[in-house]
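To start, the structure itself, in structure tokens.
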Amino acid sequence: PPKEIQRNLDQKLDTRIDMPIPDSPFKFQVARDLQKSSPIEIEGEGLTIENVIQVSRFRCEARLTTNNAIREKITISNNYINNAIDEGKTIYGVNTNFGGMAKKHLSIEELTLLQKNLIWGHKCSIGKQLPVEHVRASMLIRVNALMRGVSGIRLELIERVLKFLNADVIPIVREYGSIGASGDLVPLAQIAGVIIGLDPSFKANYLGSEIDALSALSKLELKPITLGPKEGLALINGTSFSTGIATQCIYE
């Protein structure tokens with residue numbers, strides 16, 4: 001992260017050293033040991049509840065694997081989507097509309113607009129802001145799912161989610177909007193809108209203050225990014241948020 005953000009992160013970590021160690025009926029490491037962990041490597045498999053707690057609560061760094069075979073799967077998956085479009089294949093939610101409008105085939109020019117509108121259409125959460133650790137947990141779990149290499153998304157977007165997470169620039173998600181089935185579409189859309197810099201109306205938490213998505217990108221020295229075919233679906237169509245909250249419940 002930029003130096004200013006790194007200094008602030010170091011200060012926050014220093015203040016957490018004397019946090020009380022929580023009681024737990026489960027065989028977790030104690031809180032102090034979780035704080036002292038080395039960076040967590042994300043490779044699509046093997047992520048544990050302890051790992052999620054280390055990253056979500058104790059700000060442990062998360063890194064994408066350097067395993068070339070795993071990273072290549074991401075590229076192959078993304079290329080498959082692009083090649084299928086070029087060959088004129090019909091793929092639901094890629095070059096067709098959704099739900100009852102699935103029979104409508106979209107032009108090449110409409111493919112990115114579909115993904116953009118998917119994020120806009122699910123920007124409808126309400127209620128109180130959910131705890132930052134819940135959002136951090138869901139971001140990590142989503143990255144882990146995307147690293148399986150079956151979602152058609154660019155590696156650049158996955159890396160961007162981790163950049164926000166490691167810099168502790170965390171999208172604001174409100175408590176109502178998902179039933180936890182068929183994908184946590186609404187909460188994950190709040191995250192996606194910030195990550196790509198879709199619009200200033202998407203907000204993030206930075207050092208306890210609310211900032212807009214474009215300001216968040218500026219702090220991380222990033223620019224808005226346009227979603228490619230299927231990438232909106234890849235970011236929001238999963239139960240990563242419910243799973244993230246579940247890890248916090250189990251830990252507590």
Side-chain angles (χ1 to χ4, degrees), residues 1-75 131-149 151 153-171 191 194-195 204-208 216 219-222 238 240-241 243-252:
K3 290 182 179 179
E4 176 198 353
I5 291 180
Q6 188 61 58
R7 282 197 304 271
N8 290 326
L9 285 175
D10 292 341
Q11 291 171 2
K12 290 180 73 173
L13 286 172
D14 288 343
T15 63
R16 299 177 72 88
I17 295 301
D18 294 323
M19 289 178 63
I21 298 174
D23 293 326
S24 172
F26 299 94
K27 295 180 180 179
F28 288 102
Q29 299 175 61
V30 295
R32 286 186 189 277
D33 290 337
L34 290 172
Q35 288 187 80
K36 297 174 183 176
S37 172
S38 57
I40 305 299
E41 185 170 290
I42 308 301
E43 53 186 20
E45 295 182 359
L47 188 69
T48 66
I49 293 176
E50 290 94 335
N51 293 155
V52 176
I53 297 303
Q54 287 166 325
V55 172
S56 63
R57 295 207 170 205
F58 299 108
R59 272 56 176 188
C60 178
E61 181 184 358
R63 298 175 181 172
L64 295 187
T65 180
T66 57
N67 185 315
N68 287 330
I70 294 175
R71 297 173 76 94
E72 182 65 18
K73 286 172 63 179
I74 308 296
T75 302
V132 167
E133 58 264 27
H134 289 189
V135 186
R136 289 179 59 86
S138 70
M139 292 169 71
L140 180 69
I141 292 168
R142 192 82 212 119
V143 166
N144 189 63
L146 294 173
M147 284 301 291
R148 295 181 66 84
S151 299
I153 193 172
R154 286 169 288 172
L155 188 64
E156 177 186 1
L157 269 171
I158 304 175
E159 292 172 332
R160 182 176 277 229
V161 177
L162 274 194
K163 189 162 189 176
F164 272 80
L165 182 61
N166 287 327
D168 208 23
V169 180
I170 306 302
I191 295 174
V194 173
I195 298 300
N205 186 299
Y206 174 62
L207 299 179
K219 288 187 179 296
L220 294 174
E221 300 174 358
L222 296 171
S240 305
F241 214 93
T243 306
I245 293 175
T247 64
Q248 306 301 307
C249 293
I250 291 171
Y251 173 72
E252 289 172 5

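Values below: all heavy atoms of this structure, side chains included; hydrogens, waters and symmetry mates excluded.
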- Item | side chain to side chain contact (heavy atoms under 4.5 Å, CB included) between M139 and I195, worked out | CA-CA 10 Å; M139 292 169 71; I195 298 300; 4.3 Å; yes

- Item | Note: E159-R71 ion pair, threshold 4.0 Å (strictly below) | yes

- Task: Please round to the nearest 0.5 Å and tell me the distance separating atom OG of S38 and atom CZ of R63.
- Result: 8.5 Å

- Query: Nearest heavy-atom pair of N51 and G46: which atoms, and what distance?
  - Reply: OD1-O, 3.9 Å

- Query: So, for V55 and A62, which heavy atoms are closest and what is the spacing to 0.1 Å?
  - Reply: CG2-CB, 4.3 Å

- Query: Would you call R57 and Q248 a side-chain contact if the rule is heavy atoms closer than 4.5 Å?
  - Reply: yes

- Query: Does Y206 reach the side chain of I170, with side-chain heavy atoms less than 4.5 Å apart?
  - Reply: no

- Message: Less than 4.5 Å apart, side chain to side chain, heavy atoms only: is that true for L165 and V143?
- Response: no

- Could you tell me which non-hydrogen atom of V135 sits nearest to which non-hydrogen atom of P171, and how far apart they are? CG1-O, 3.5 Å

- Message: Quick check for you: to the nearest 0.5 Å, what is the distance between K163 atom NZ and E156 atom CD?
- Response: 10.5 Å

- Query: Only one of I191, V52, T247 clears side-chain contact (heavy atoms from CB on, under 4.5 Å) with S138; which?
  - Reply: I191

- Query: Is there side-chain contact between M147 and L155, with heavy atoms separated by less than 4.5 Å?
  - Reply: yes

- Item | K219 NZ to F164 CZ distance, which is reported to the nearest 0.5 Å | 12.0 Å

- Using atom types as modelled and distance alone, determine if a side-chain donor or acceptor of N144 lies under 3.5 Å from a backbone N or O of I42. no

- Item | Side-chain donor-acceptor contact under 3.5 Å, R136 with S56 | no

- Roughly how far, to the nearest 0.5 Å, is CD1 of I245 from NE2 of H134? 5.5 Å

- Message: Does any part of the side chain of L140, heavy atoms only, come nearer than 4.5 Å to the side chain of I40, both counted from C-beta?
- Response: no

- Can you find a pair of side-chain heavy atoms, one from I141 and one from F241, that are under 4.5 Å apart? no

- Message: To the nearest 0.5 Å, what is the distance between CD on E133 and OH on Y251?
- Response: 10.5 Å

- I70 and side-chain contact (heavy atoms from CB on, under 4.5 Å): which partner among N67, I74, N68? N67

- Note on the structure: Rounded to the nearest 0.5 Å, the CZ atom of R160 sits from the CG atom of L222 at a distance of 4.5 Å

- Closest non-hydrogen contact found for C60 with N166 is O-OD1, 4.3 Å

